[in-house]
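A short worksheet on the structure shown next.
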Amino acid sequence: MGLDTLTIARAAEMLKSGQITSVELTKAVLERIEAVEGRVKAFVTLCPDLALKMAHEADKKIAKGEAGPLTGIPIAVKDLFCTRGLPTTCSSKILEGFVPPYDAHVIEKIVEAGAVIVGKTNMDEFAMGSTTEHSAFFPTKNPWDLSRIPGGSSGGSAAAVAADMCLAALGTDTGGSIRQPASHCSVVGLKPTYGRVSRYGMVAFASSLDQAGPLTKTVEDAAILLQVIAGHDKRDSTCINEPVPDYSAALAGDIKGLTIGLPKEFFAVDGVDPEVALAVENAIETLRSMGAKTVEVELPRLRHAIAAYYIIAPAEASSNLARYDGVRYGLSVRDGSSLLEMFCNSRSAGFGPEVQRRILIGTYALSAGYYDAYFGKAGQVRTLLVQDFARAFSKCDVLASPVAPTPAFALNEKVDNPLTMYLADIFTIAANLAGICGISVPCGFGKGGLPIGLQIMGSHFGEPSILKVAHAFERNTDFAAKRPDL
Ligand code: GLN
């Protein structure tokens with residue numbers, strides 16, 4: 001097993017004790033990228049020179065005894081975070097040539113903590129999608145089966161972690177984009193509570209739903225990475241000014257007496273693959289055998305969640321994406337004869353079909369005469385869903401459910417059918433609408449060895465609880481230890 005297979009926790013120990021250097025570790029990761037990236041295609045931009053420079057710096061820091069929690073650890077970041085001096089594309093043609101003059105808050109945080117950045121990962125354009133097939137460049141392949149999707153939109157980040165092309169990665173989750181690819185690639189993915197992590201410098205998709213979070217090989221690593229990125233930042237007015245708990249400390253202890261709510265609507269969803277249902281049932285049984293209690297809870301408004309999300313997210317996106325006009329950023333098509341033509345031509349050439357579809361849906365839902373019927377109604381549904389979750393959490397500590405209805409499907413299988421694709425988000429989007437936190441942890445493998453994830457959701461700022469349950473589960477099973485054979 002090469003150094004590229006290490007977890008953050010283990011690598012940090014080995015770095016601090018002088019068993020390895022960051023340059024050795026980073027070289028091992030770069031060699032791994034060299035060996036498998038041609039097949040997986042997880043990255044939009046690689047920065048080996050920068051990585052080695054950062055690794056050298058990290059080694060100096062370690063030698064001086066100044067190591068932070070991520071010092072010398074190779075990390076990949078979704079190409080939606082602004083990175084100073086490194087292209088940031090959001091996998092869109094419209095951001096062609098855009099090199100941000102500043103770092104996103106989470107990038108500042110990981111750099112401050114000593115991380116080595118290896119590259120920017122592929123995604124669905126502007127994070128709209130569940131497969132990376134909406135990337136303007138190329139789809140990423142699932143390291144467990146190269147003919148299948150890795151999930152999305154943070155599919156590049158999940159695949160890079162699963163294929164050991166980094167020790168951990170950052171992604172974003174607007175409706176499941178961290179948890180669902182984590183589930184499909186058998187890694188851990190955590191979506192923090194809305195407001196826990198600053199969105200400053202994160203290219204906006206749907207501002208009231210977007211959150212950045214970690215994709216890692218273990219739950220322990222998710223706790224370490226979340227610790228670094230969480231916390232107040234005055235540049236994001238929705239980022240809460242509350243102390244950040246010690247997430248690693250929350251992992252300790254057992255889960256005896258803890259109550260896990262099983263939302264009955266989640267277990268009655270149509271079209272769930274029997275293998276997924278079985279793996280999740282077995283996982284719940286495992287949690288019971290470890291001393292957790294389970295109780296059935298109700299989320300009666302869950303049935304409206306997809307409809308509400310696919311109004312709210314496109315509405316916010318249509319507004320956020322208005323800034324790409326061919327003047328201020330990236331691509332500019334200047335062959336028209338008027339300013340309006342330049343806007344139209346730049347946006348038509350720069351945005352892919354899924355992004356255009358969402359701009360149309362969003363603009364329609366926000367237009368005079370339809371606003372009350374669509375956007376207003378969706379907002380009301382959202383409030384009711386928040387109340388449903390509050391009621392459920394009055395009866396339990398965390399909720400459990402599947403992450404995705406099926407294991408990873410084949411590339412091209414659903415790309416031409418947006419509605420089927422949207423319906424597959426049923427297990428993840430409710431957490432974004434309600435602003436609560438959720439984690440995906442590997443819980444099984446189906447036919448052909450395709451990974452299956454278990455979702456644990458927590459109430460607002462319930463990260464310590466979901467980390468604790470996921471960690472206990474991970475230690476009692478060996479799913480997370482399995483690696484794809486690439
Ligand atoms: N699949 C969902 C969508 O297409 C979620 C995407 C996300 O979380 N960024 O909107």
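Atoms within a ligand are numbered from 1 in the order they appear, just like the ligands themselves.
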Decide whether Thr172 and Asp210 meet the rule of one side-chain donor and one side-chain acceptor closer than 3.5 Å.
no

Donor + acceptor pair across side chains of Ser186, Lys482 (<3.5 Å):
no

Return yes if a side-chain donor-acceptor contact under 3.5 Å exists between Ser198 and Arg235, otherwise no.
no

Distance only, no hydrogens: is a donor on one side chain within 3.5 Å (strictly under) of an acceptor on the other, for Ser154 and Lys78?
yes

Applying salt bridge (Lys or Arg N to Asp or Glu O under 4.0 Å), name anything that partners Arg148, two or more places apart in sequence or on another chain.
Asp145

Measuring from each atom of ligand 1, which residues have a heavy atom under 4.0 Å away?
Ala127, Met128, Gly129, Ser130, Ser153, Asp173, Thr174, Gly175, Gly176, Ser177, Phe205, Tyr309, Tyr310, Arg358, Asp425

Passing candidate, ring pair (Phe, Tyr, Trp, His ring centres under 6.0 Å) with Tyr364, options Tyr370, Tyr371, Phe375:
Tyr370

